[in-house]
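Inspection log for the structure reproduced underneath, given as structure tokens.
Computed from heavy atoms alone, side chains included, the values below leave out hydrogens, waters and symmetry copies. Small disclaimer: the values here were computed from a predicted structure and weren't measured.
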Amino acid sequence: MNWIKKLILTIIFGCMIHSMNGKKEIILVENINRRPSEEYIDSCTSNFLKTGNHKDYFTYVEHSNKTNLAYDLLMADKYNNPDACYFVYLYLTELGEKYEYKIDSKVWDLAFYYLHKGAELNDFDCLIRLSIIYKEGNEFVLPDTMKSNYYRAKYDSIKQSERNHFR
């Protein structure tokens with residue numbers, strides 16, 4: 001994660017307002033920029049594999065130096081985690097770019113399935129990526145303006161609703 005994202009997350013999560021019985025108090029939260037210990041990351045990994053806990057999965061993704069497509073597939077399939085759906089798509093499609101390997105239609109179909117699944121789960125990255133793919137097309141997907149506009153509108157709608165929620 002780049003330093004701008006870390007700064008924003010630090011500001012957002014640096015303190016939280018807790019309201020109980022009408023009384024508000026500010027709670028300082030542990031510095032999120034500090035990397036957790038390997039033992040903690042391993043504990044989070046074990047926990048999300050057993051329970052599907054999103055926070056533990058996020059800790060693994062954010063702080064582990066490893067990537068594991070099997071973990072992402074498990075989270076996407078068993079626990080319907082939208083972030084994992086996007087990661088499965090990325091790993092399958094970027095593998096070809098990274099190793100100068102041209103993926104075939106079967107690998108593309110699997111990747112595209114997870115991209116659609118993530119979009120159905122309202123993942124922002126999946127929605128935007130689908131909008132772009134349908135707008136531009138590629139060797140597996142013909143351009144489709146209606147689908148591109150649909151995914152962009154869904155993204156915009158969710159983003160607007162999120163903004164309104166935090167006002």
Cluster question for you: counting only ILVMFWY and a side-chain heavy-atom cut-off of under 4.5 Å, with indirect links fine, are [X] and [Y] together?
X	Y	answer
Leu90	Leu130	yes
Tyr101	Val88	yes
Tyr79	Phe87	yes
Tyr89	Ile128	yes

Pairwise distance [atom1]([X]) to [atom2]([Y]) - rounded to 0.5 angstrom:
X	Y	atom1	atom2	result
Ile132	Ser148	CD1	OG	8.5 Å
Ile41	Ser46	CD1	OG	13.5 Å
Asn65	His63	CG	NE2	11.0 Å
Lys159	Asn122	NZ	CG	12.5 Å
Tyr60	Asp56	OH	CG	13.0 Å

Can you find a heavy atom in the side chain of [X] that is under 4.5 Å from one in the side chain of [Y]?
X	Y	answer
Val107	Asp104	yes
Leu74	Leu49	yes
Glu162	Phe124	yes
Cys85	Leu115	no

Considering non-hydrogen atoms only, spot the tightest contact between [X] and [Y] and give its length.
X	Y	value
Phe48	Met75	CD1-SD, 3.4 Å
Cys126	Pro82	SG-O, 4.4 Å
Leu92	Ile103	O-CG2, 3.6 Å
Tyr151	Ser131	CB-N, 3.9 Å
Tyr40	Pro36	CD2-CB, 3.4 Å
Asn53	Asn47	CB-ND2, 3.8 Å

Determine whether Ile133 and Phe140 satisfy the following criterion, side-chain contact (heavy atoms from CB on, under 4.5 Å), listing intermediate values before the conclusion.
CA-CA 10 Å; Ile133 288 170; Phe140 303 107; over 6 Å; no
Pairs involving residues 109-119, ordered by first then second residue, that meet salt bridge (Lys or Arg N to Asp or Glu O under 4.0 Å) (sequence neighbours left out):
Asp77-Lys117
What salt bridge (Lys or Arg N to Asp or Glu O under 4.0 Å) pairs are there with at least one residue in residues 133-157, not counting sequence neighbours?
Lys102-Glu139, Arg152-Asp156
Could you check whether any side-chain N or O of Thr59 sits under 3.5 Å from a backbone N or O of Lys55, counting only pairs where one atom can act as donor and the other as acceptor?
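Looks like yes, one N/O pair under 3.5 Å.
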Could you walk me through whether Val61 and Asp83 pass the side-chain contact (heavy atoms from CB on, under 4.5 Å) check?
CA-CA 10 Å; Val61 168; Asp83 294 323; over 6 Å; no
For Phe112, ring pair (Phe, Tyr, Trp, His ring centres under 6.0 Å) partners two or more places apart:
Trp108, His116, Tyr134
Sorted by chain and residue number, the side chain to side chain contact (heavy atoms under 4.5 Å, CB included) partners of Thr67 (sequence neighbours excluded) come out as Tyr91
Residue list, side chain to side chain contact (heavy atoms under 4.5 Å, CB included) with Asp125, at least two apart or on another chain:
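Asp125 satisfies side chain to side chain contact (heavy atoms under 4.5 Å, CB included) with Tyr86, Asp123 once adjacent residues are dropped.
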Thr45, Asn81, Asp72 screened by side-chain hydrogen bond (donor to acceptor under 3.5 Å, both in side chains) with Tyr57, the one that passes
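Going through Thr45, Asn81, Asp72 one by one, the side-chain hydrogen bond (donor to acceptor under 3.5 Å, both in side chains) with Tyr57 is satisfied by Asp72 alone.
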List for me each residue that meets side chain to side chain donor-acceptor pair (under 3.5 Å) alongside Tyr71, sequence neighbours excluded, and say none if there are none.
none
